[in-house]
Amino acid sequence: MKILLVDDSRTMRNIQKKILGDISGAEFAEAGDGVEALAQFAGQKFDLALVDWNMPNMDGLTMVTRLRQSDKTTPLIMCTTEAEKARVIEAIKAGVNNYVVKPFTPESLTEKVKLTLSKAAA
Amino acid sequence: MEATIEQPKSTINVKLIVPFINSVRSVFSKMLNTTATVERPAVKSVPVPQYDVSAIIGFSGEIAGSVVVSFPKATAIKVVAAFAGMEVDPDGPDFADAIGELTNMIAGGAKKDLGVSAGITCPSVILGSGHVIARLRDVPCLAIPCNSALGAFCIEVSIKQVPATA
């Protein structure tokens, strides 16, 4: 299972890798902003992507909007400090499948990822 | 009637401060698996942060100003190790990255509880003692001393509500 971690903080990507490393067969790719993420999507298929909202060069919402023009199916989880209800609705309208607010516990992140993957497989 | 802390020429609305206290507690509990406690806040008049590792995030929109989270270097090293799950070289880029991301979470959590429409900047991290933070001139700054098992640190909140324009 290939998971793309999109976050401008390398520390956050490492934390996510450590937590999600327990998922059987998980392999990780990383992107530091939306531009890098779209370049990765152009060359390969992912089973899941975690996407931060606030990033330099291209933010996560723009990245999701652009990706959804050509890829309607890859499960996307917005993982961000943006916690207001209006933001969550905005992200869902753009095409994310689920939403994780930072800070998160390892259990809550794992649960959201598993739930999103099982819904996508159904 | 809203509680306020008096300062010459201006006042600080306590309602703007409590969300930062709640947010730092939440971030320390969820991401560092430890407890942060808060001591009595005090108005701060000098622009030099309390300690020598500081991260600053700016707010714009229905609130304006900034929050600074400031750590002694020894505390910052322990905080980053707990956050990243490993020792991180304090002279390397990952150290500033980790401090910035923690501060980003504190600011983001507070923004939600403030219930305002506002944008936050990407964090800037400053290393070294005696650095000066330039803040909005008309906004007072409240220093909130914090403690944790990883050491003491301080949050400096300097924000104001921006009146809605017609």
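First the proteins, then the strands, lettered A, B, ... as listed; each starts at 1.
Summarising the local packing, CG of B:Asn33 is surrounded by 12 or fewer heavy atoms from other residues, nucleotides or ligands at distances under 6.0 Å. By the 6.0 Å contact criterion, NZ on A:Lys93 is open, its count of non-hydrogen atoms from other residues, nucleotides or ligands being 12 or less. More than 12 heavy atoms of other residues, nucleotides or ligands lie within 6.0 Å of CD in B:Glu39, so this atom counts as buried by the packing criterion. Annotation for A:Arg68: atom CZ counts as buried by contact number, over 12 foreign heavy atoms lying within 6.0 Å. Heavy atoms from other residues, nucleotides or ligands lying under 6.0 Å from CD of B:Glu87 number 12 at most.
For the pair B:Asp94 and A:Arg10, the tightest heavy-atom approach, listed with the atom from each and the gap, is OD2-NH2, 2.5 Å. Closest non-hydrogen pair, A:Thr81 versus B:Asn104, comes out as CG2-O, 3.6 Å.
Residue A:Lys102 holds its NZ atom at 14.0 Å from OG of B:Ser26, rounded to the nearest 0.5 Å. In this structure, CE in A:Met55 is found 9.5 Å from SG in B:Cys122, a value given to the nearest 0.5 Å. Once rounded to the nearest 0.5 Å, the distance linking CD of A:Glu84 with NZ of B:Lys111 reads 3.5 Å.
Hydrophobic clustering (side-chain heavy atoms under 4.5 Å, transitive across Ile, Leu, Val, Met, Phe, Trp, Tyr) keeps B:Val139 apart from B:Val162. In the hydrophobic clustering of ILVMFWY residues, with side-chain heavy atoms under 4.5 Å counting as a link, A:Leu48 and A:Leu38 come out apart.
Looking at A:Glu82, the atoms closer than 4.5 Å to chain B (heavy atoms on both sides) all sit in the side chain, from C-beta outward.
For the side-chain contact (heavy atoms from CB on, under 4.5 Å) test with A:Phe104, the passing option among B:Met31, B:Met105, B:Lys30 is B:Met31; the others fail.
The shortest distance between side-chain heavy atoms of B:Leu102 and A:Thr11 does not fall below 4.5 Å.
Panel note: side chain A:Lys18, backbone B:Ala84; a donor-acceptor pair is recorded below 3.5 Å.
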